[in-house]
Each structure stands twice: as C-alpha cells, then as structure tokens.
Amino acid sequence: MDATAANLLLDHHRDHARDLPWRMTPRDPYRTWLSEVMLQQTTVATVTPRFLRFVERWPTVEALAAAPDEEVLGEWAGLGYYARARNLIACACAVAARGGFPRTEGALRKLPGLGAYTAAAVAAIAFGEDAVAIDTNVERVAARVFGIGDRKAAGEAARGSFPAGRHGEFAEALMDLGASICRPKAPNCPACPIAAQCKARALGSPEAFPAPKVKRVRPHRYGIAWWARRGDEVWLVRRPGSGLLGGMAALPGPEWGEERPAANAIAIHRHGFTHFTLDLMVVPCAEPPPGEGWWQPVGELASAGLPTLYRRAVEAALEAEREPRLAA
DNA sequence: AACTCGGGGAC
DNA sequence: GTCCCAGAGTT
C-alpha cells in the first residue's frame, strides 16, 4: 500500500472510527492494555460490556494488582482463554511494582501476556511509538490489497505501509476497516476508501483472500461432574492453576477421557471447546469427593465465577432437579 | 512449526 | 451446523 492509499485510509478513519470505550483522548495505557488482552481472539461485541464492568471495578492497574486472584478470575469467567486472566494478574503486579507501564515495544514484550501483537499495539496506541501491530484484521486487509494468499506473508508485506509517526492511528484504521468493511465474508467494497488500490478487488474475488485456514476434525471426550448437594448448597472446587480452565471454579470430577462412562446422570451437557467437544455428565453423589472445596449456595451461583461449561452444567442439573422426568 | 487454550456472535 | 475473532505460551 503506497503513501497515497495510506492517506486515503487515514482520512476515511478520521470520519468513521468506531467509538469504543477504551479509545479515550489521550489514550490510557491501562485501558489500552486491558482492552488489547480482552480482545485477543475475542470480538468487540463480546468484550465491550465485560471491559466496562472490569474498569468500573478496578479503575487502575494498581487497583487490579491489589485485587485477590479469585476475584479477577471470577470477573473473567465466561470470557474464555483463562491463561489471559492469569497473565493479566501477573502483569498488573509487575507493572504496579515498577511504578507504571514500560513505554517501549521491547520492554512491553517482556511482560506476561504481551506477545508480538499486543506489545506493538500498546506501544503504538498508548505511547505513540512507531511499532507495527499486525493482527488478523491487518493480515486480511493486506492479503486483499496486495493479493497475497498467505496470512503471515500478507501481514509482513503490510509493514512498510505504516506511516511514520502515525502507527497507532494507522493500526486502528486498518482494524476498523477490517471489522466494518473488509470483513471476512461479504466485504463491502463500494464503501472502501482504498478499493481502487485493491488487487483482490481487481481480480474480482476479494473474498478469496486470504486463503482459507485448514480445518481439523474435533475429537469427542466425555467427563463426569459430581453433583453433591447439602440443603440449598452445592459443592464446588477450584481447578489446578494451569491447563484447561486453569484456576477457575468448577464442579468436582475426574479427568475427562475418550470412553463414555457408565454413570447415572441427571443431566448431560454438550460443550464445544476449540479443539474437542465434551459431553459432561452431571452425576449425583451423597458426599463431596475428597479434597479442597466449598459449599456454594445455589442462589449465589452467579457470583461463583464459573466458566461457561460449568455454569451451563449447573443450570441443566438444577432444571433436572425441578423436572426429573426430563433426565437424560 | 504444531499444539493448546473458550466462548460467543454472525450466518 | 460453520467460520471467525485487536493471539500467547508451550513443546
């Protein structure tokens, strides 16, 4: 993309930039960082209400660093990719301890949870450094503008297009274009300020770029969740601090496996993860299984910080208790 | 370079 | 159902 096209895009962005709650003037490094982490593999529509709740509860990185881990993980519950929340806590503590965010891409890159993209995005957007933030939007727009099928190659080709002194603004312009006009499906080329410069458009098939990802078959697994009741309470546990749903509140149960267990379930909840699907069988038991845990009032399950898998499984179990005939 | 790691919105 | 999303960390 030449300088003329970059200026056309920046001019368009001046009038069409999305009004997002983390885009205040001037940019707040804390909110920039928090939004970028929340937005990793997560849509703006999903993030926006969660971001607002989060900054309402913890308005500064110092406040976040001082919060108990369980409360932060609970606030993150339902957003997915929980390593982000664990790294968020570690990063907040490191930043608070050193008296604020580092202001360069290289120093930001050393913080937990900040990879190549996020370090560059925070450096460029919050601190005005000429760092190049290449996300999936930039890759897709570049793939079409340059007519390059390979996503990573397209992203690298976009590096030279970032105008000096305006890298943060340009990254946001590319991201807004990718979200609003140069969408994955049904791109709105007539509304695009750089359609005349677009190779994929000239070829007549913008949607053919970038090349589609190779998809893999998702295996299936089975699991048991113990349903231990005591009056109006249910027994919950905290999962180990790493791995799938690491550190999150959960129903107790053995590790999941390939074979369908023979168990008398009152409910079976099917859940889709990124790389497998799970049938979680909720099985009543008289006593809590051995190990750490706590009795959670069923009327206060919303504040327990359950990830979606267990939140849905609990809902199914409570429904089964009300209507036993519908048990699976 | 390939895998792991969630969940929801849009279609 | 499918595809995709302001990716990072591990192996």
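Within every chain, numbering begins at 1; the chains are lettered A, B, ... in the order of the sequence lines, protein sequences first and strands thereafter. Quantities reported herein were computed from a predicted structural model and do not represent experimental measurements.
Counting any heavy atom pair closer than 4.0 Å across all strands shown, A:A171 reaches no nucleic acid atom. A:P212 comes within 4.0 angstrom of no nucleic acid atom, judged by non-hydrogen atoms across all strands. A:V44 comes within contact range of at least one nucleobase, with a heavy-atom separation under 4.0 Å. As judged by a 4.0 angstrom heavy-atom cut-off over every strand, A:W22 is placed among the base-contacting residues. Residue-level contact check: A:G246 touches neither bases nor backbone, having no heavy atom under 4.0 Å from any strand. Residue contacts shown for A:Y117 include a base, since a base heavy atom lies under 4.0 Å away.
Side-chain nitrogen and oxygen atoms of A:K185 include none within less than 4.0 Å of the OP1 or OP2 phosphate oxygen of B:dC11. Applying the 4.0 Å criterion to OP1 and OP2 of C:dG9, one finds that A:R86 has every side-chain N and O outside that range. Distances shorter than 4.0 Å separate some side-chain N or O of A:H271 from OP1 or OP2 on B:dG7. One finds a side-chain N or O of A:T118 lying less than 4.0 angstrom from the OP1 or OP2 phosphate oxygen of C:dA8. Residue A:Y81 has no polar side-chain atom (N or O) positioned under 4.0 Å from OP1 or OP2 of B:dT4. Taking side-chain N and O atoms only, A:R216 has a distance below 4.0 Å to OP1 or OP2 of B:dC3. Distances shorter than 4.0 Å separate some side-chain N or O of A:T136 from OP1 or OP2 on C:dC5. For C:dC5, the OP1/OP2 oxygens have a side-chain nitrogen or oxygen of A:K213 closer than 4.0 Å.
Looking at A:R18, its side chain comes within 3.5 Å of the base of C:dA6 through a donor and an acceptor atom. Within 3.5 Å, no donor on the side chain of A:T46 pairs with an acceptor on the base of B:dG7, nor the reverse.
Here, C:dC4 and B:dC5 have their C1' atoms 16 Å apart, quoted to the whole Å. Rounded to whole Å, the separation between the P atoms of B:dA10 and C:dA6 comes to 12 Å. Of the P atoms belonging to B:dG6 and C:dT11, the separation is 16 Å, rounded to the nearest Å.
Protein atom CZ of A:R218 is 11 Å distant from nucleotide atom C1' of B:dG7, rounded to whole Å. In this entry the distance linking CZ of A:F276 with P of B:dG6 reads 9 Å, nearest Å. Taking atom NE2 on A:H275 and atom P on C:dT10, their separation rounds to 16 Å, with Å as the unit.
The pair A:R103-A:E129 fails the salt-bridge criterion, with no side-chain N (NZ, NE, NH1 or NH2) lying under 4.0 Å from an Asp/Glu carboxylate O.
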* To do: Could you please spell out the steps behind the ring-ring contact (aromatic ring centres under 6.0 Å, His included) verdict for A:Y222 and A:W256?
  => CA-CA 6 Å; A:Y222 299 90; A:W256 307 333; over 10 Å; no

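Just one residue in the list A:H220, A:H271, A:R270 forms a side chain to side chain donor-acceptor pair (under 3.5 Å) with A:T277, and that residue is A:H220.
When distances run from any side-chain atom of A:L245 to the nucleotides C:dA8, B:dG6, C:dC3, the shortest one goes to B:dG6. Nearest to the side-chain atoms of A:L20 among the listed nucleotides B:dG9, C:dA6, B:dG6 stands C:dA6. The side chain of A:R109 lies closest to C:dG9, out of C:dA6, C:dG9, B:dG8. For A:Q41, the side-chain atoms get nearest to B:dG6 when compared with the rest of B:dG9, C:dA6, B:dG6. Picking from B:dG6, C:dA6, B:dG8 the nucleotide with the shortest atom distance to the side chain of A:T308 gives B:dG8. Nearest to the side chain of A:T274, among B:dC5, C:dC3, B:dG8, sits B:dC5.
A continuous path of ILVMFWY side-chain contacts below 4.5 Å connects A:F273 to A:Y82, so both sit in one hydrophobic cluster.
Side-chain atoms of A:D176 never come within 3.5 Å of backbone atoms of A:A17 as a donor-acceptor pair (strictly under, hydrogens ignored).
Going from atom CZ of A:R166 over to atom NE2 of A:H13 covers 10.0 Å, rounded to the nearest 0.5 Å.
In the model, A:Y117 has a side-chain atom that pairs as donor or acceptor with a side-chain atom of A:E36 under 3.5 Å.
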